[in-house]
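Note that the numbering runs from 1 along the sequence shown for the chain. Please read these numbers as outputs of a predicted model, since none were measured by experiment. Start at 1 and go down the list; that is how both ligands and their atoms are numbered.
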Amino acid sequence: MRFFIDTANLEQIRQARDLGILDGVTTNPSLMAHENIHGHAAIMAHYRQICEMVDGDVSAEVFSTDLDGMLAEAHELSAIHKNIVVKVPCTTEGIKAIKALSARKIPTNCTLVFNAGQAVLAAKAGARYVSPFVGRLDDASEDGVALVAQIVRIFDIYGYQTQVLAASIRHTRHIIDCMEAGAHVVTCPLQPILGLLNHPLTEKGLAKFLEDAAKMK
Ligand code: E4P
């Protein structure tokens, strides 16, 4: 079970890394824009900084929607650092790009996955990861965790090496549910990760221990 952080914010990445449990990072154009990064050179430099902070896969998403554009961007992104995984949308052109990149041994993360059929096509094309969007499915009154479980079952049946990377995590409970569903990786914002540590009985118990420890001074 691996944890990625789903942000382009360097401070949050540092906090998760310093916990000692961080296995990688996922970004997307919205998360990058949120950091007020402008211009091609700044974007490349930002990905490089992230790669230097975290020893694990770092997903960087293509902005193009056509095959040639995706492939050109993918080559440029993967040249930034050995840990870059090229994030490609689950479209017709995206599946072709994943297939071509897989043949060139460039790892990919197929993003915007909302059903099992999309996940299977991405796996057949050779994606390293597929990213079902749990929270966005829940937002649409569907069951995001059930999709994660379904994709895990199908990949097990057929022996696909592609890993299920549960994305669009909204809260701590999603993390637990995705782990139970067999997700290989969960990518989430910092707060749901920190939320895993929250329990009132831990706080209450520690307060009592500290109180009793003070009596022995
Ligand atoms: C990660 O790979 C996705 O881009 C991200 O988890 C989407 O999350 P959101 O639905 O909260 O935007």
Side-chain angles (χ1 to χ4, degrees), residues 1-10 12-13 16-17 22-37 43 46-47 50-51 53-54 56-65 70 73-74 77-78 80 83-91 94-95 97-98 101 106-115 118-119 122-123 125 127-149 151-152 162-179 181 183-196:
M1 170 66 209
R2 286 183 294 148
F3 279 104
F4 289 179
I5 189 163
D6 194 25
T7 184
N9 182 276
L10 299 179
Q12 291 186 17
I13 292 170
R17 181 204 61 190
L22 190 62
D23 300 302
V25 180
T26 52
T27 65
N28 63 36
S30 305
L31 294 170
M32 291 291 282
H34 193 254
E35 298 308 309
N36 283 316
I37 304 160
I43 293 169
H46 199 82
Y47 287 137
I50 295 174
C51 291
M53 288 173 70
V54 178
D57 285 352
V58 173
S59 288
E61 189 160 341
V62 296
F63 297 172
S64 300
T65 53
M70 287 183 189
E73 276 189 66
L77 289 168
S78 66
I80 295 173
N83 289 347
I84 288 282
V85 173
V86 180
K87 212 170 177 194
V88 178
C90 197
T91 59
I95 295 296
I98 289 167
L101 293 168
I106 293 177
T108 53
N109 171 359
C110 186
T111 189
L112 292 166
V113 167
F114 292 96
N115 67 44
Q118 291 176 315
R128 176 178 291 182
Y129 301 106
V130 293
S131 290
F133 274 36
V134 173
R136 293 194 198 184
L137 280 167
D138 287 3
D139 290 345
S141 306
E142 296 187 41
D143 188 341
V145 173
L147 176 62
V148 170
I151 296 170
V152 168
T162 302
Q163 298 171 59
V164 180
L165 194 171
S168 185
I169 297 297
R170 297 275 195 265
H171 48 73
T172 301
R173 182 73 220 179
H174 267 158
I175 301 177
I176 303 291
D177 290 343
C178 287
M179 285 163 57
H184 303 93
V185 189
V186 178
T187 189
C188 29
L190 181 62
Q191 282 313 315
I193 298 176
L194 296 178
L196 291 167

Quick one: are [X] and [Y] in side-chain contact, heavy atoms under 4.5 Å?
{"X": "E61", "Y": "S59", "result": "no"}
{"X": "R128", "Y": "D57", "result": "yes"}
{"X": "R170", "Y": "D139", "result": "yes"}
{"X": "N109", "Y": "T26", "result": "yes"}

Query - I169 versus V186, closest heavy-atom pair with distance - result: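 Heavy atoms only, the tightest pair is CG1-CG1, 3.6 Å.
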
**Report entry** Residue and atom name of the nearest protein heavy atom (relative to atom 7 (C) of ligand 1), distance in Å to one decimal
**Finding:**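 Minimum-distance protein heavy atom for atom 7 (C) of ligand 1 reads F133 CE2, 3.6 Å.
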
Query - Which residue and heavy atom of the protein sit nearest atom 5 (C) of ligand 1, plus the separation - result: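 Here the closest protein heavy atom is D6 OD2, 3.0 Å.
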
Requested in this report: For ligand 1, find out whether one of its N or O atoms is nearer than 3.5 Å to an N or O atom of S168.
Outcome: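 Right, the criterion is met.
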
Requested in this report: Give yes or no for whether the N/O distance cutoff of 3.5 Å, strictly under, is met between K87 and ligand 1.
Outcome: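 Yes, at least one N or O pair falls under 3.5 Å.
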
Counting from 1, what ligand 1 atoms have a heavy atom of [X] closer than 4.0 Å?
{"X": "R136", "answer": "7 (C), 9 (P), 10 (O), 12 (O)"}
{"X": "R170", "answer": "9 (P), 10 (O), 11 (O)"}
{"X": "N28", "answer": "3 (C), 4 (O), 5 (C), 7 (C)"}

Query - For M70, the option from T91, V86, I98, L101 that meets side chain to side chain contact (heavy atoms under 4.5 Å, CB included) - result: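 The side chain to side chain contact (heavy atoms under 4.5 Å, CB included) with M70 is passed solely by T91 among T91, V86, I98, L101.
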
